[in-house]
Peer 1: 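Attaching a single structure in structure tokens format; questions to follow.
Start at 1 with the first residue, then count along the sequence.
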Amino acid sequence: MPFRAPVTEFRFLFDHVVDFATVTATPRFADADQDVTDAILTEAGRMCEEVMFPVQRNGDLHGAALENGVVRTSPGFAQAYAQIAEGGWISTSASPEYGGMGLPHSITTAVNEMMSASCLSLQLNPLMTQGQIEALEHHASDAIKAIYLPRLITGEWAGTMNLTEPAAGSDVGALRSKAEPNGDGSYAVSGQKIFISWGDNDFTKNICHLVLARLPDGAPGTKGISLFIVPKYLPDENSDPGVANSLKVVSLEHKLGLHGSPTAVMEFDGATGWLIGEEHDGMRAMFTMMNNARLGVGGQGVGAAEGAYQHALAYALERKQGRTPVEGGAGTIVDHADVRRMLATMKADIFAARAIELACAVAIDMGNATGDKDWKARAAFLTPIAKAFGTDTGIAVAEMGVQVHGGMGFIEETGAAQYARDVRVTAIYEGTNGIQSMDLVGRKLMDGGEAAYALLDEIEDRAEAARGDFPELAEPVWQATETLREATEWMVAQGNMTDRFAGSVPFLRGFARVLGGYYHLRAAVAEGGQGARSKLAQFYIKRLLPEHAGLLVHAMQGGDDLYALSVDDLGAA
């Protein structure tokens with residue numbers, strides 16, 4: 001089946017749901033008018049359909065392999081990557097000073113999502129490079145920027161992120177990698193890193209690793225960590241790749257999915273690197289890349305969901321089984337109530353997750369364009385929701401896609417299972433979704449809930465304005481927002497962080513459910529209550545939004561009942 005990039009959906013969301021016009025009204029992004037945005041989305045969609053999607057199955061069936069120390073990528077990946085780089089799709093938001101397009105992050109988010117839908121394992125490569133570009137733009141010296149940024153922006157070189165170690169997963173402060181000054185401004189970096197996405201490839205001239213390591217005088221924990229750029233090949237006097245650095249790929253992981261994306265164990269043995277940012281301030285610099293990646297990974301979840309949904313819908317429109325209950329229907333399983341329920345759920349949740357993702361990107365753009373602290377606070381607040389709900393949606397939709405296929409979904413030749421296997425890791429990397437929820441109820445509520453309440457006020461104002469013409473949609477959204485406000489107040493009032501953390505996952509999902517209802521309501525209002533999106537809004541608000549109530553009850557239970565179960569109780573038969 002072919003893949004169709006959801007360009008029309010992005011245009012609708014930009015124009016009617018996430019207030020993208022506020023971004024293009026700023027001097028910084030005034031050039032990204034509707035004509036430019038439409039052209040970018042259209043061309044990106046064509047590239048995804050014609051260049052990336054054709055290599056999607058190759059990545060799964062013929063994954064990356066390590067042969068005599070050299071990583072061999074999946075058939076067609078090198079050619080597809082070349083077209084991605086030549087089209088400028090790696091650098092849509094990068095600084096024009098070094099060759100980037102300087103477009104809003106909202107547009108990059110839309111492009112990245114379409115790329116994820118067409119070939120997630122290949123899209124992960126540009127996403128890592130984009131994050132590195134942003135980290136270098138904010139924290140590198142001018143000399144480092146001059147060497148690395150132009151080549152990363154063109155895609156001639158690729159970037160990676162090296163945090164995790166065998167004994168230091170989410171607890172990054174436990175890392176053992178070290179860096180010793182060489183006396184010439186460079187450092188000798190040593191240590192082993194695991195789970196390094198696209199740690200090597202056979203189609204870029206150089207691979208630049210951002211590596212967290214500790215200097216000799218670095219304090220224990222995260223406060224003593226520094227960040228270094230460690231290239232595979234050392235730049236020569238012309239900044240071209242020169243001699244090989246002292247690093248290597250030890251092995252590639254055998255994974256559940258994303259077979260086309262080589263996930264490497266990297267060994268650095270006194271490799272030459274250069275400091276990025278200040279000494280012992282590596283986590284702040286790395287978080288620039290991680291926050292970029294968190295929204296990007298949320299978009300990967302939504303993209304995988306889009307691909308899985310299109311795959312399932314195409315099958316449902318073709319598969320004949322049983323007596324169809326719809327007079328004059330398609331005559332296939334799409335007419336069966338439960339299949340229709342699954343497809344509607346998939347489509348409604350994709351819309352909700354995509355809207356949250358783009359609303360977060362718009363807030364990032366507005367914060368960058370205006371420096372306004374309220375926009376920055378909104379972007380920070382929405383980031384963990386966009387990451388967690390986007391990836392949870394990807395997993396749920398891909399699983400439903402297998403179910404729509406029935407027995408054939410369990411057969412690899414249909415390709416339905418690939419979406420489920422590929423997307424599963426997105427809820428784990430760049431901070432597990434549990435960590436995202438803890439961040440939401442912890443750091444993101446340290447303002448006393450100010451950013452959260454501002455968002456809730458906006459939803460209630462919009463719902464109030466829509467009550468007259470759309471009471472059956474606006475009233476449930478308004479009531480749900482009030483319930484969410486009470487749960488937020490409860491969270492803010494808890495001084496014991498364990499009580500917050502115990503309910504953090506259902507709180508985040510409950511918040512996402514309400515946000516989804518809000519964005520569906522805005523879509524229905526924009527359509528005047530007539531049209532496919534209005535019908536989808538009714539489905540979401542009447543059937544899926546009510547889940548928020550149970551989720552928020554769960555969120556406010558505290559931690560006592562969790563810890564009333566002892567370790568022995570958990571193991572008891």
Side-chain angles (χ1 to χ4, degrees), residues 64 66-73 78 81 125 128-129 131-133 135-136 139-141 143-166 175-216 218 225-253 261-277 279 282 285-286 289:
L66 183 63
E67 301 175 355
N68 299 318
V70 177
V71 170
R72 304 297 184 191
T73 56
Y81 177 85
N125 182 297
M128 291 293 95
T129 301
Q132 186 168 119
I133 289 169
L136 295 182
H139 302 287
S141 67
I144 291 292
K145 290 178 182 178
I147 295 170
Y148 289 87
L149 284 178
R151 293 158 181 82
L152 291 167
I153 283 170
T154 62
E156 183 180 355
W157 294 2
T160 75
M161 178 168 55
N162 290 246
L163 288 79
T164 308
E165 298 183 8
L175 66 78
R176 297 178 181 176
S177 294
K178 61 183 182 179
E180 301 273 353
N182 286 327
D184 60 358
S186 69
Y187 296 79
V189 179
S190 299
Q192 189 176 93
K193 299 289 185 177
I194 62 173
F195 304 154
I196 308 308
S197 297
W198 282 98
D200 201 2
N201 68 65
D202 55 4
F203 49 69
T204 61
K205 293 181 179 180
N206 208 350
I207 299 162
C208 311
H209 303 282
L210 279 182
V211 184
L212 288 177
R214 201 181 308 276
L215 290 166
I225 295 174
S226 300
L227 181 65
F228 303 87
I229 190 160
V230 186
K232 179 179 178 179
Y233 298 105
L234 297 174
D236 63 17
E237 64 276 6
N238 298 315
S239 299
D240 295 325
V243 299
N245 209 345
S246 301
L247 58 88
K248 65 179 179 179
V249 177
V250 176
S251 62
L252 298 183
E253 304 291 357
S261 167
T263 301
V265 175
M266 298 295 304
E267 184 75 34
F268 299 89
D269 184 15
T272 302
W274 289 267
L275 183 69
I276 302 301
E279 292 184 356
M286 184 59 86
M289 185 173 187

Peer 1: If only atom types and distance count, is the side chain of Glu165 paired as donor or acceptor with the main-chain N or O of Ser177 below 3.5 Å?
Peer 2: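 Side chain of Glu165 to backbone of Ser177, a donor-acceptor pair under 3.5 Å: yes, one is there.
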Peer 1: Is a side-chain N or O of Gln132 found less than 3.5 angstrom from the main chain of Cys208, in a donor-acceptor match?
Peer 2: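 Yes, Gln132 side chain to Cys208 backbone: donor-acceptor pair under 3.5 Å.
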Peer 1: Rounded at 0.5 Å granularity, tell me how far CD in Glu180 sits from CG in Leu215.
Peer 2: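 Between Glu180 CD and Leu215 CG, I get 8.5 Å after rounding to 0.5 Å.
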Peer 1: Does any N or O in the side chain of Asp269 come within less than 3.5 Å of the main-chain N or O of Ser246, such that one atom is a donor and the other an acceptor?
Peer 2: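 Here the side-chain-to-backbone pair does not exist.
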Peer 1: A side-chain contact here means heavy atoms from C-beta on lying under 4.5 Å apart; do Ile133 and Leu149 qualify?
Peer 2: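 Yes, side chains in contact.
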Peer 1: Is any side-chain heavy atom of Trp157 less than 4.5 Å from a side-chain heavy atom of Thr204?
Peer 2: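 A side-chain contact under 4.5 Å is absent here.
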Peer 1: Only pairs at least two apart or in different chains count here, so list each side chain to side chain donor-acceptor pair (under 3.5 Å) that has a residue in residues 226-242.
Peer 2: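 Applying side chain to side chain donor-acceptor pair (under 3.5 Å) to every pair that reaches into residues 226-242, excluding sequence neighbours, yields Asp200-Lys232.
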Peer 1: Drop me the distance from Ile207's CD1 to Ile196's CD1, to the nearest 0.5 angstrom.
Peer 2: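 With rounding to 0.5 Å, CD1 (Ile207) is 12.5 Å from CD1 (Ile196).
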Peer 1: Any heavy-atom pair between the side chains of Leu152 and Leu136 that's under 4.5 Å?
Peer 2: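 Heavy-atom side-chain distance check passes, below 4.5 Å.
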Peer 1: Which heavy atom in Thr129 sits nearest to a heavy atom in Ala158, and how many Å separate them?
Peer 2: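 That closest heavy-atom pairing would be OG1-CA, 3.6 Å.
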Peer 1: To the closest 0.5 Å, what do you measure between CG (Leu212) and CG (Leu175)?
Peer 2: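 Between atom CG of Leu212 and atom CG of Leu175 there are 6.5 Å.
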Peer 1: Taking C-beta and beyond as the side chain, do Asn201 and Tyr81 meet within less than 4.5 Å on heavy atoms?
Peer 2: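 No, their side chains stay 4.5 Å or more apart.
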Peer 1: Ignoring hydrogens, what is the shortest heavy-atom contact between Val249 and Met266? Give both atom names and the distance.
Peer 2: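 Smallest heavy-atom distance, with atoms named: CG2-SD, 3.7 Å.
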Peer 1: Could you walk me through whether Thr160 and Met128 pass side chain to side chain contact (heavy atoms under 4.5 Å, CB included), step by step?
Peer 2: CA-CA 6 Å; Thr160 75; Met128 291 293 95; 5.5 Å; no
Peer 1: Kindly indicate whether the side chain of Lys193, heavy atoms from C-beta on, has any atom under 4.5 Å from the side chain of Leu163.
Peer 2: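 Answer no - side chains too far apart.
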Peer 1: Write out all pairs satisfying side chain to side chain donor-acceptor pair (under 3.5 Å) with one or both partners inside residues 145-154, taking only residues at least two apart or from two chains.
Peer 2: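 Of all non-adjacent pairs touching residues 145-154, none passes side chain to side chain donor-acceptor pair (under 3.5 Å).
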Peer 1: Looking at every non-hydrogen atom in both residues, tell me the closest pair between Lys205 and Pro241 and how far apart they are.
Peer 2: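 Taking every non-hydrogen atom into account, O-CG, 3.8 Å.
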Peer 1: Give the table of side-chain donor-acceptor pairs shorter than 3.5 Å for residues 182-190, with sequence neighbours excluded, one pair per line with atom names and distance.
Peer 2:
from	atom 1	to	atom 2	distance (Å)
Asn182	ND2	Ser186	OG	2.9
Asn182	ND2	Tyr187	O	3.4
Asp184	OD1	Ser186	N	3.0
Asp184	OD1	Ser186	OG	2.5
Ser190	OG	Gly270	N	2.8

Peer 1: Using every non-hydrogen atom in the two residues, find where Asn245 and Ala271 come nearest and quote the distance to one decimal.
Peer 2: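 Heavy atoms of Asn245 and Ala271 come nearest at OD1-CA, 3.5 Å.
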Peer 1: Restricting to non-hydrogen atoms, name the atom on Pro231 and the atom on Asn206 that form the minimum distance, rounded to 0.1 Å.
Peer 2: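 Answer, listing the atom of Pro231 first, then Asn206: CB-ND2, 4.0 Å.
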Peer 1: For residues Ile276 and Phe228, report the shortest heavy-atom separation together with the two atoms involved.
Peer 2: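 Minimum heavy-atom separation between Ile276 and Phe228: CG1-C, 4.2 Å.
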Peer 1: So, Thr73 and Asp202: side-chain donor and acceptor under 3.5 Å apart, yes or no?
Peer 2: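 A pair is found: one side chain offers a donor N or O, the other an acceptor, under 3.5 Å apart.
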Peer 1: Mind checking whether Trp198 and Phe203 have parallel, tilted or perpendicular rings, split at 30° and 60°?
Peer 2: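 Rings of Trp198 and Phe203: tilted, as their planes differ by 30° to 60°.
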Peer 1: Once rounded to the nearest 0.5 Å, what's the spacing between atom CG of Leu227 and atom NE2 of His139?
Peer 2: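 With rounding to 0.5 Å, CG (Leu227) is 8.5 Å from NE2 (His139).
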